[in-house]
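Each remark here refers to the structure printed beneath this line.
No hydrogens, no waters, no symmetry mates; every other heavy atom, side chains included, goes into these values.
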Amino acid sequence: MKASTLRRILNAWPPFLFTGIRVVRMDDYRYAKVRLKLAWYNRNYVRTQFGGNLFSMTDPFWMIMVLKSLGNEYIVWDQAGEIRFVAPGREDVYAEFRVEESLLDELRAATASGEKCLRWFDTDIRTASGELVATVRKQLYVRRKRR
């Protein structure tokens, strides 16, 4: 599936569609930009970004992008996740994901002998002006498939 097709599917996916999450851009599984709109239906009690939506906007991207970039010879799963709230989100927020070739080389080398690799990925969630709202960490399990 092309990355542009997945972007359209994710934008129509109910957990994103009904929470104000939109994949703004997705290029060949190497770059993605996601926006979480602040609206009346997704604010928390104090009228700022709901923390669950902040985490959700980052949830599938590292796993999907690494899996698609490494190819069918690899197993990639989410292993763990955590979020650190830094400032209240009082406006739309954005998250960006980049999969560099050096990262893929690192994962290939770590799993070449068939061993699993657990690696953390950090994602900052920021306002359009660059103010840090939260940092999400996701740990991926990566292993080369056994033949």
Side-chain angles (χ1 to χ4, degrees), residues 1-11 13-38 42-44 48-147:
M1 174 184 317
K2 291 172 44 176
S4 58
T5 303
L6 180 61
R7 182 184 62 79
R8 285 193 298 277
I9 290 169
L10 288 173
N11 284 335
W13 187 43
F16 278 11
L17 181 65
F18 295 119
T19 55
I21 298 168
R22 182 146 187 90
V23 183
V24 177
R25 188 170 155 199
M26 188 172 226
D27 297 339
D28 296 330
Y29 297 107
R30 297 298 181 99
Y31 174 80
K33 184 174 184 177
V34 181
R35 181 188 79 223
L36 172 58
K37 179 180 177 178
L38 181 63
N42 66 4
R43 291 180 178 160
N44 63 20
T48 62
Q49 291 286 7
F50 175 62
N53 290 343
L54 291 169
F55 190 82
S56 293
M57 76 182 288
T58 67
D59 187 40
F61 293 96
W62 285 116
M63 186 197 75
I64 292 170
M65 291 171 68
V66 169
L67 175 64
K68 293 300 252 177
S69 295
L70 284 174
N72 292 331
E73 296 178 11
Y74 291 85
I75 297 169
V76 180
W77 287 101
D78 284 325
Q79 180 75 26
E82 56 189 47
I83 187 167
R84 184 176 65 89
F85 301 105
V86 177
R90 294 190 170 98
E91 58 188 272
D92 294 1
V93 293
Y94 299 84
E96 293 182 272
F97 308 85
R98 281 187 178 79
V99 175
E100 304 288 344
E101 194 62 36
S102 59
L103 164 70
L104 299 174
D105 291 342
E106 172 192 326
L107 294 171
R108 287 182 191 112
T111 59
S113 64
E115 294 295 313
K116 71 179 179 184
C117 174
L118 298 177
R119 188 181 187 292
W120 285 96
F121 295 82
D122 295 332
T123 305
D124 289 338
I125 300 174
R126 298 183 176 274
T127 64
S129 63
E131 178 188 2
L132 183 63
V133 172
T135 299
V136 175
R137 297 188 77 216
K138 297 291 297 269
Q139 186 182 50
L140 293 186
Y141 166 103
V142 180
R143 185 174 58 77
R144 195 174 171 89
K145 288 182 181 175
R146 294 184 177 100
R147 294 179 193 249

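- Counted within 6.0 Å of CG on Asp78, heavy atoms from surrounding residues, nucleotides or ligands total more than 12; the atom is thus considered enclosed.
- Between Met63 atom CE and Lys68 atom NZ the span is 10.5 Å, to the nearest 0.5 Å.
- Using cut-offs of 30° and 60° on the angle between ring planes, the pair Phe97 and Trp62 is perpendicular.
- Residue Arg35 qualifies as enclosed at atom CZ: its count of foreign heavy atoms under 6.0 Å is above 12.
- Here the closest non-hydrogen pair linking Phe85 and Leu54 is CE2-CD1, 3.9 Å.
- Note on Arg30 versus Asp27: no salt bridge recorded, every NZ/NE/NH1/NH2 to OD/OE distance being 4.0 Å or above.
- No more than 12 heavy atoms of other residues, nucleotides or ligands sit less than 6.0 Å from atom CG of Asn72.
- Looking at every heavy atom in both residues, Val23 comes nearest to Phe61 through CG2-CZ, 3.6 Å.
- Thr19 contributes no side-chain N or O that, together with a main-chain N or O of Asn42, makes up a donor-acceptor pair within less than 3.5 Å.
- Leu107 is not listed as a side-chain neighbour of Leu140, based on a closest heavy-atom distance of 4.5 Å or more.
- Atom NZ of Lys145 has more than 12 neighbouring heavy atoms from other residues, nucleotides or ligands inside a 6.0 Å radius.
- When each of Leu103, Val99, Thr58 is paired with Phe121, the side-chain contact (heavy atoms from CB on, under 4.5 Å) condition holds for Leu103 and for no other.
- Residues Glu96 and Arg25 are not paired through a salt bridge, judged by the lack of any N-O separation under 4.0 Å between the basic side chain and the carboxylate.
- In this structure, Asn53 CG and Leu36 CG are separated by 5.5 Å, a value rounded to the nearest 0.5 Å.
- Enclosure of atom CH2 in Trp120 by more than 12 non-hydrogen atoms of other residues, nucleotides or ligands within 6.0 angstrom is indicated.
- The CZ atom of Arg22 sits 8.5 Å away from atom CG of Leu17, with the distance rounded to the nearest 0.5 Å.
- Going from atom CZ of Arg108 over to atom CG of Leu70 covers 5.5 Å, rounded to the nearest 0.5 Å.
- With contacts defined as side-chain heavy-atom distances shorter than 4.5 Å, the pair Leu6/Tyr29 qualifies.
- Between Pro60 and Ser56, the shortest heavy-atom contact is CD-O, 3.9 Å.
- Looking only at distances, no side-chain donor or acceptor of Glu91 sits under 3.5 Å from a matching main-chain atom of Ser129.
- For the atom pair CG of Asn11 and CE of Met26, the computed distance is 10.0 Å after rounding to the nearest 0.5 Å.
- Residues that satisfy the salt bridge (Lys or Arg N to Asp or Glu O under 4.0 Å) test with Glu100, not counting sequence neighbours, are absent from this structure.
- For the pair Thr123 and Met57, the minimum side-chain heavy-atom distance is 4.5 Å or more.
- Closest approach of Gly89 to Leu38, counting heavy atoms only: O-CD2, 4.0 Å.
- Side-chain contact check for Gln49 versus Val133: every heavy-atom pair is 4.5 Å or farther apart.
- Here the side chain of Asp92 pairs no donor or acceptor atom with the backbone of Ala128 at under 3.5 angstrom.
- Minimum heavy-atom separation, Cys117 to Thr111: CB-CG2, 3.7 Å.
- Salt bridge status for Asp59 with Lys138: present, with a side-chain N to carboxylate O gap under 4.0 Å.
- Note that the CZ atom of Arg143 and the CH2 atom of Trp77 stand 11.5 Å from one another [nearest 0.5 Å].
- When all heavy atoms of Thr48 and Pro88 are compared, the closest pair comes out as CG2-CB, 3.8 Å.
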